[in-house]
Amino acid sequence: MIHTKLPTTPSELEQIRALMLANMKQNLDNLDQGFLSVEYSMQDLIQFNETTPAIIAVAPSGSDASSSVVVGYALAADMHAALAHHLLKEATQEVYDRCSFNGKPIRDSKFVVMGQVCVAKEFRGQGVLQQLYSLFLSTYKERGYDLVETEVSKANERSLRAHVKTGWVVVDSLTVEGGEWHVIALDLKSSK
């Protein structure tokens, strides 16, 4: 049975990275199933996890009941971490400077950036994304965040549909790092 939790071992962060690399746009033959655009190093994952832990979905691995494998993840970065990261800085600053959500500038909210979400291909369509979001939202709501924000490549319609299906709202669009992005947000105050 698949369950979600916060990572507690270096091995789980390594498994996040392996799943990330397997789903990078340049490593896929078929982009219809969605793809990842941003690659994070192990050091990035360790740093993000210190202040804004990832959420992982794990499934049993083999016959050993205590052994599990990461089959999905949702990364998070607070404002400080996002602005300090070379790949997130430009988009986060643009969102902070000009985007609004529910008629209020995002900069006036305590928001967390969802750095990336991914589910292993063989586990898609089984509710794993909803499980990741459920724990992500409750974790960051309990930590006092008002909303969560992320960007989705305009070329990744599958990802956008999956986000909108779970309650995210498109609030703007950006052109950063040579790509076109939808800015999407989810209100943590009204989430269950």
Side-chain angles (χ1 to χ4, degrees), residues 2 4 13 15-41 44-45 48 52 54-57 70-79 81-83 85-101 106 111-137 140 147-188 191:
I2 298 169
T4 53
L13 294 179
Q15 291 178 61
I16 289 172
R17 177 133 166 86
L19 184 55
M20 176 191 311
L21 292 174
N23 286 279
M24 292 297 298
K25 184 176 184 178
Q26 65 269 20
N27 296 335
L28 298 173
D29 294 327
N30 180 355
L31 301 182
D32 292 343
Q33 292 295 307
F35 56 87
L36 301 176
S37 302
V38 177
E39 181 180 333
Y40 298 103
S41 69
D44 294 333
L45 297 177
F48 290 160
T52 47
I55 305 299
I56 58 174
V70 174
V71 299
Y73 65 85
L75 301 180
D78 63 14
M79 182 72 170
L83 289 174
H85 190 272
H86 68 285
L87 295 173
L88 296 177
K89 182 178 183 174
E90 183 179 358
T92 302
Q93 191 65 56
E94 283 284 320
V95 168
Y96 183 84
D97 287 344
R98 68 179 196 130
C99 295
S100 295
F101 180 68
I106 287 179
F111 70 97
V112 63
V113 176
M114 180 176 284
Q116 193 171 74
V117 63
C118 181
V119 175
K121 185 176 181 179
E122 58 273 19
F123 290 90
R124 293 177 188 159
Q126 299 179 35
V128 176
L129 183 64
Q130 289 77 10
Q131 289 180 55
L132 287 166
Y133 280 149
S134 179
L135 184 55
F136 188 98
L137 298 178
Y140 287 98
L147 66 94
V148 57
E149 175 278 327
T150 195
E151 298 85 39
V152 174
S153 170
K154 287 190 175 183
N156 197 346
E157 288 302 315
R158 179 184 174 95
S159 179
L160 182 63
R161 283 192 309 271
H163 281 85
V164 169
K165 184 178 176 181
T166 58
W168 292 74
V169 176
V170 176
V171 297
D172 210 329
S173 62
L174 300 174
T175 302
V176 293
E177 299 288 327
E180 300 284 323
W181 303 87
H182 294 288
V183 177
I184 60 175
L186 188 64
D187 186 351
L188 292 178
S191 67

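Starting from 1, each residue takes its place in the sequence as its number.
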Contact summary for Val117 and Leu129, nearest pair of heavy atoms: CG2-CD1, 3.6 Å

Give the C-alpha distance, both sets of side-chain angles, the deciding distance and a yes or no for side-chain contact (heavy atoms from CB on, under 4.5 Å) between Arg124 and Arg158. CA-CA 12 Å; Arg124 293 177 188 159; Arg158 179 184 174 95; 4.1 Å; yes

Gap between atom NE2 of His182 and atom OG1 of Thr150 - 0.5 Å precision: 12.5 Å

Which atom names give the shortest non-hydrogen contact between Phe35 and Ala155, and what distance separates them? CE2-O, 3.8 Å

Passes side-chain contact (heavy atoms from CB on, under 4.5 Å), Trp181 versus Ser153? Steps please. CA-CA 4 Å; Trp181 303 87; Ser153 170; 3.9 Å; yes

Heavy-atom donor-acceptor pair, Asn27 side chain to Leu21 backbone, under 3.5 Å: yes

Tell me if the aromatic rings of Phe111 and Phe101 count as close, with their centers under 6.0 Å from one another. no

Say you draw a straight line from CG of Leu83 to NE2 of His85; how long is it, rounded to the nearest 0.5 Å? 12.0 Å

So, do Glu94 and Val183 sit near enough that their side-chain heavy atoms are less than 4.5 Å apart? no

Verify, without hydrogens or angle tests, whether Asn156 (side chain) and Val152 (backbone) share a donor-acceptor contact under 3.5 angstrom. no

Kindly compute the distance separating CE (Met114) from OH (Tyr140), expressed to the nearest 0.5 Å. 9.0 Å

Can you classify the ring geometry of Tyr133 versus Trp168 as parallel (below 30°), tilted (30 to 60°) or perpendicular (above 60°)? tilted

Identified side-chain contact (heavy atoms from CB on, under 4.5 Å) counterpart of Cys118 within the set Leu132, Leu36, Val128: Leu36

Are Arg161 and Glu157 within salt-bridge range, i.e. N to O under 4.0 Å? no

Testing the basics here: between Phe136 and Ala74, what is the closest heavy-atom pair and its distance to 0.1 Å? CD1-CB, 3.9 Å

Of the non-hydrogen atoms in Ile56 and Val70, which two are nearest, and what is the gap between them? CD1-CG2, 4.1 Å

Would you find more than 12 non-hydrogen atoms of other residues, nucleotides or ligands less than 6.0 Å from Phe123 atom CZ? yes

Answer whether the closest heavy-atom distance between the side chains of Leu137 and Leu188 falls below 4.5 Å. yes

Quick one: pull up OG in Ser159 and NZ in Lys154 and give me the separation to the nearest 0.5 Å. 14.5 Å

Which is it for Val169 and Asp187 under the side-chain contact (heavy atoms from CB on, under 4.5 Å) test, yes or no, and what are the steps along the way? CA-CA 9 Å; Val169 176; Asp187 186 351; over 6 Å; no

Note: Gly167 and Leu186 closest approach over all heavy atoms is O-CD1, 3.1 Å

So, for Leu75 and Ala54, which heavy atoms are closest and what is the spacing to 0.1 Å? CD2-CB, 3.8 Å

side-chain contact (heavy atoms from CB on, under 4.5 Å), that's the test. Do Gln15 and Tyr73 meet it? Break it down for me. CA-CA 10 Å; Gln15 291 178 61; Tyr73 65 85; over 6 Å; no

Rounded distance [0.5 Å steps], CG in Leu174 versus CD in Glu90: 8.5 Å

Using modelled atom types only, decide if a donor and an acceptor are shared between the side chain of Thr166 and the backbone of His163 within a distance under 3.5 Å. yes

Rounded to the nearest 0.5 Å, how far does CD of Gln130 lie from OG1 of Thr4? 11.5 Å

